[in-house]
Amino acid sequence: MYTSEVTARSAIRELERAMRGELGRRHVGVVAGPSGTGKTPCLVQIGIDALLRGLRVLHVSNEAPIDHLRAYYDELFGELEKGTGLSEPQLVMLELERKRLLISLPGASLRVAKLSEAAAAAKGALGGDPDLIIVEGFDFEGATLDIVEQARALATKLDAELWMSVRTHRHVPVSHPEGFPSPVDRHVGLLDVIIGLEPAGGKVRLRVLKGHGPNEEGARGLLLDAVTMQLVEDRRDSELPGLRNRARFTLHSGGARGAEAAFGEMAERYGLAEITFSFEGHTNRVRSRGLRMLTDSELRAGDVSLRYVSHRLKRVFPEDPQVNKVLQSIWHQIKPCQQVFVIGSIQQDGTVRGGTGWGAELARRWKCELNVFDQVQSQWFKWENQEWKPSKPVIKSPRFAGTGTKHLESAGLKAIEDLYERSFGSQD
């Protein structure tokens, strides 16, 4: 998948929809929230999206050292790459680093003079003025209206977007009539966009408090993963499949004939993203959409003893390099996913028959939601509380795996078709 496709499916596009447009050059945006609500990863996501669009980014912080900032960018880029099948990720990451300057000013009071110095350094390091400036730790508490106006003037002078973070206080009541928290409430007229972050049951709720127009998300906001700050599906949306944003979802598969090909064909029909994990010499693959060719070193990350696999699945696998690579690639398909859907048959000992069973075993080991459609019983079953229970599954997680037997029967195909229709409504 190319960077243009990745940015088109980015969570930032959902944020811009709620803001009624991107922040825009010569404009100032603020991400506000109490400590621990994810202001830094939210800003890093904005930075990565800008970098993928070819923009120069300056990220200044007095709250995090350089190695912490770099680790945020590396980790969140890795999550993005795993979830999208980005082509040649190492080369992309190298190019992003060339367009990014990270500056840490621990203990400094970040005012406009410091930002001007950082912008001058960025011009020399990046070969031009930054297109996006991210500032963590700007002194909103002590800033006068004149100081914030100077920050706006800097963004105008550089023809840049300016995003800043501000720490709000959990126990300070909101007194502003429109609900803007302190200390940004004094500067609302000079800020173009204000985003609020708040804890939401292990996740983070993002609300656009001020945008370029009416907020379509309203009071509900956007629900984000607390670690990656990627969008997750709101439970209320799961009851309204026709309204769900299909661009949030990515199928992980091996693209092999049979069940995997059917999962992929349905993902393409419904407009979902697709990552097809494969390797040189894979002879059973029939799909190439979102192709991700695994290198030998990447395959080794999923290495597992064939003797152990044979023991777990009570089946003897041939000592064959091709078989070993297939099992290694299954590891990559399953690991990033929260839900796994398998077409096959459940054996009396509870395992799933065939090589497909290794994906099911990995899902159980990693405590993913595992659903198997048994073609013999013509029924979906969910692994729950150490037993198989009849189910009628729905795709809820942004990253899900679809795999199964190459001997796909009509009942199995219909099960896949019905799964997509239950999850996303009719094809349109």
Side-chain angles (χ1 to χ4, degrees), residues 7 12-13 15-16 18-33 39-40 42-64 69 73 96 99-105 108-168 180-181 183-197 208-213:
T7 56
I12 302 302
R13 304 289 81 74
L15 172 59
E16 290 172 349
M19 290 163 40
R20 299 304 295 269
E22 62 184 35
L23 177 60
R25 293 176 184 268
R26 306 186 177 195
H27 289 79
V28 180
V30 166
V31 177
K39 295 183 294 297
T40 295
C42 183
L43 290 171
V44 169
Q45 289 283 9
I46 292 171
I48 290 175
D49 181 76
L51 290 165
L52 288 171
R53 291 185 287 121
L55 303 181
R56 293 184 290 264
V57 174
L58 167 64
H59 192 139
V60 184
S61 176
N62 72 351
E63 299 177 345
L69 285 178
Y73 275 89
L96 299 195
K99 295 179 179 178
R100 178 194 75 194
L101 179 63
L102 308 179
I103 295 180
S104 178
L105 300 169
S109 178
L110 287 187
R111 295 291 183 91
V112 179
K114 289 286 186 183
L115 300 184
S116 297
E117 293 174 9
K123 183 174 183 177
L126 304 177
D129 289 326
D131 303 294
L132 169 66
I133 303 173
I134 295 173
V135 180
E136 293 183 85
F138 187 81
D139 184 13
F140 273 98
E141 293 278 5
T144 63
L145 292 175
D146 183 60
I147 290 173
V148 177
E149 183 60 60
Q150 290 175 32
R152 286 188 65 87
L154 178 63
T156 299
K157 176 184 175 182
L158 298 175
D159 192 31
E161 292 188 16
L162 175 58
W163 277 102
M164 298 188 282
S165 68
V166 58
R167 182 182 303 165
T168 59
F180 298 109
V184 296
D185 53 355
R186 296 183 291 113
H187 308 289
V188 171
L190 295 173
L191 304 174
D192 300 288
V193 170
I194 302 174
I195 292 171
L197 302 180
V208 177
L209 306 179
K210 180 181 181 181
H212 298 305

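Numbering of residues begins at 1 and proceeds along the displayed sequence.
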remark   = Heavy-atom nearest pair, Leu101 first then Ala122, reads CD2-CA, 3.5 Å
message = Do Leu15 and Val208 have side chains that approach each other closer than 4.5 Å (heavy atoms only, starting at C-beta)?
response = yes
key: Check against side-chain contact (heavy atoms from CB on, under 4.5 Å), Leu115 and Ile133   = CA-CA 9 Å; Leu115 300 184; Ile133 303 173; 5.5 Å; no
key: Side chains of Ile103 and His59 in contact at under 4.5 Å (non-hydrogen atoms)   = no
key: Atom pair CZ (Arg26) and NZ (Lys157), whose distance is rounded to the nearest 0.5 Å   = 12.5 Å
query = What is the minimum heavy-atom distance between Ser61 and Leu69, and which atoms define it?
reply = CB-CD1, 4.0 Å
task = For Arg186, look at atom CZ and say whether over 12 heavy atoms of other residues, nucleotides or ligands are found less than 6.0 Å away.
result = yes
request  = Using atom types as modelled and distance alone, determine if a side-chain donor or acceptor of Arg25 lies under 3.5 Å from a backbone N or O of Asp159.
outcome  = yes
message = Donor-acceptor pair, distance only, cut-off 3.5 Å: does the side chain of Arg100 make one with the backbone of Arg56?
response = no
key: Distance-minimising heavy-atom pair for Leu132 and Gly47   = CD2-CA, 3.9 Å
Minimal non-hydrogen separation, Pro183 against Arg167, with atom names = CD-O, 3.8 Å
key: Test side-chain contact (heavy atoms from CB on, under 4.5 Å) applied to Asp192 - qualifying residues, sequence neighbours left out   = Leu23, His27, Val28, Arg152, His212
key: Nearest-0.5 Å distance that lies between atom CG in Asp131 and atom CG in Leu58   = 11.0 Å
key: Euclidean distance, Glu22 CD relative to Ile46 CD1, rounded to 0.5 Å   = 11.5 Å
query = CG/Leu52 to NZ/Lys99 distance, rounded to the nearest 0.5 angstrom?
reply = 9.5 Å
query = After noting the C-alpha distance and the side-chain angles of Ser165 and Val30, does the key distance pass the side-chain contact (heavy atoms from CB on, under 4.5 Å) rule?
reply = CA-CA 5 Å; Ser165 68; Val30 166; over 6 Å; no
Under 3.5 Å: donor-acceptor pair, side chain of Lys210, backbone of Leu191 = yes
ask   = Is there any ring pair (Phe, Tyr, Trp, His ring centres under 6.0 Å) pair reaching into residues 123-157, and which pairs are they, with sequence neighbours excluded?
value = Phe138-Phe140, Phe140-His187
remark   = In this structure, CG of Leu209 is separated from CZ of Phe180 (nearest 0.5 Å) by 6.5 Å
key: Residue pair Asp49 / Gln45, side-chain donor-acceptor N/O under 3.5 Å   = no
message = Using side-chain contact (heavy atoms from CB on, under 4.5 Å), reason through Val135 and Trp163 one step at a time and then give a plain yes or no.
response = CA-CA 6 Å; Val135 180; Trp163 277 102; over 6 Å; no
inquiry  = Run Val166 and Met164 through side-chain contact (heavy atoms from CB on, under 4.5 Å) and show every step you take.
reply    = CA-CA 7 Å; Val166 58; Met164 298 188 282; over 6 Å; no
note = Between Tyr73 and Leu51 the two heavy atoms that sit nearest each other are CE2-CD1, 4.2 Å
key: Reported CD-to-OG1 distance for the pair Glu63 and Thr40, which is rounded to 0.5 angstrom   = 6.0 Å
For the student: nearest non-hydrogen atoms of Ala160 and Pro130, plus distance = CB-O, 3.4 Å
